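Please read the structure below before turning to the comments.
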Amino acid sequence: HNPPQLVSTNGQMKELPPTGLILGAIPNMTYEEESVDFNSGDVLVLYTDGVSEAMNDAEEEYGEERIKQLATSLRNESAVRIVEEFEIDVERFCGRIPMEDDSTMVIVKRK
């Protein structure tokens, strides 16, 4: 699925590479452990393909680039506010087209 995005306080974005299959897909799956600097004010953005693949009436996908841009522009907001703004933006983008896939977004912001 979609790799997590780490947004630093200066707006630099880093895509975190996957280390295995999606969690829970296969019992007892082994994953590689990685570490990354997660500094004060940094934002970790995790989302399912239901968010990035949400469609509008022109059959355009919301897309990962839009997620990256919005996450970067909202990086100084609280985690709750970031999720709220994403909900508003995805709904605005989709308009009257219902989302066909489940969508989940988790925002983690380090204080």
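Keep in mind the model is a prediction, meaning the values are calculated, not measured. Only heavy atoms go into these numbers, but all of them, side chains included; no hydrogens, no water, no symmetry mates.
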Review point. With a 4.0 Å cut-off, would you call Arg66 and Glu61 a salt bridge?
Key: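 Salt bridge flag = no for Glu61 with Arg66.
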Closest heavy-atom contact between [X] and [Y]?
X: Thr9; Y: Asp42; answer: N-OD1, 3.3 Å
X: Lys109; Y: Ala79; answer: CB-CB, 4.3 Å
X: Leu6; Y: Phe38; answer: CD1-CD1, 3.4 Å
X: Met55; Y: Phe93; answer: C-CE2, 4.0 Å
X: Ala54; Y: Cys94; answer: CB-SG, 3.6 Å

Practice item. Start with the C-alpha gap between Met105 and Leu46, add the side-chain angles, then the distance that decides, and say whether side-chain contact (heavy atoms from CB on, under 4.5 Å) holds. Key: CA-CA 6 Å; Met105 177 167 274; Leu46 303 108; over 6 Å; no
Point to revise | Heavy atoms of other groups near Glu15 CD, more than 12 under 6.0 Å | key: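 More than 12 within 6.0 Å, yes.
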Review point. Would you find more than 12 non-hydrogen atoms of other residues, nucleotides or ligands less than 6.0 Å from Glu65 atom CD?
Key: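 Above 12, so yes.
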Can you tell me how far apart [atom1] ([X]) and [atom2] ([Y]) are? Round to the nearest 0.5 Å.
X: Leu70; Y: Glu85; atom1: CG; atom2: CD; answer: 7.5 Å
X: Arg110; Y: Leu44; atom1: CZ; atom2: CG; answer: 12.5 Å
X: Arg75; Y: Met13; atom1: CZ; atom2: CE; answer: 9.5 Å
X: Glu84; Y: Phe86; atom1: CD; atom2: CZ; answer: 13.0 Å

May I ask you to test the [X]-[Y] pair for a side-chain heavy-atom distance under 4.5 Å?
X: Val7; Y: Gln12; value: no
X: Tyr47; Y: Val90; value: no
X: Val51; Y: Asp101; value: no
X: Leu74; Y: Arg81; value: no
X: Asp57; Y: Arg96; value: yes
X: Ile82; Y: Val43; value: yes
X: Asp89; Y: Tyr62; value: yes
X: Leu16; Y: Pro3; value: no

Review point. Cluster question for you: counting only ILVMFWY and a side-chain heavy-atom cut-off of under 4.5 Å, with indirect links fine, are Val36 and Val106 together?
Key: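 Yes.
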Exercise for review: Could you tell me whether the side chain of Asn56 and the main chain of Ala58 form a donor-acceptor pair under 3.5 Å?
Suggested key: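 Yes: the side chain of Asn56 pairs with the backbone of Ala58.
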Point to revise | Main-chain N/O of Glu53 paired with Asp49 side-chain donor or acceptor, under 3.5 Å | key: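 Answer holds: no.
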**Study point:** Met29 vs Tyr31, side-chain contact (heavy atoms from CB on, under 4.5 Å): CA-CA, chis, key distance, verdict
**Key:** CA-CA 7 Å; Met29 180 69 184; Tyr31 296 90; 3.5 Å; yes
Practice item. Please determine, by modelled atom types, if Ser52 and Asn2 share a side-chain donor-acceptor pair under 3.5 angstrom. Key: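 Side-chain D/A pair, Ser52 to Asn2: present.
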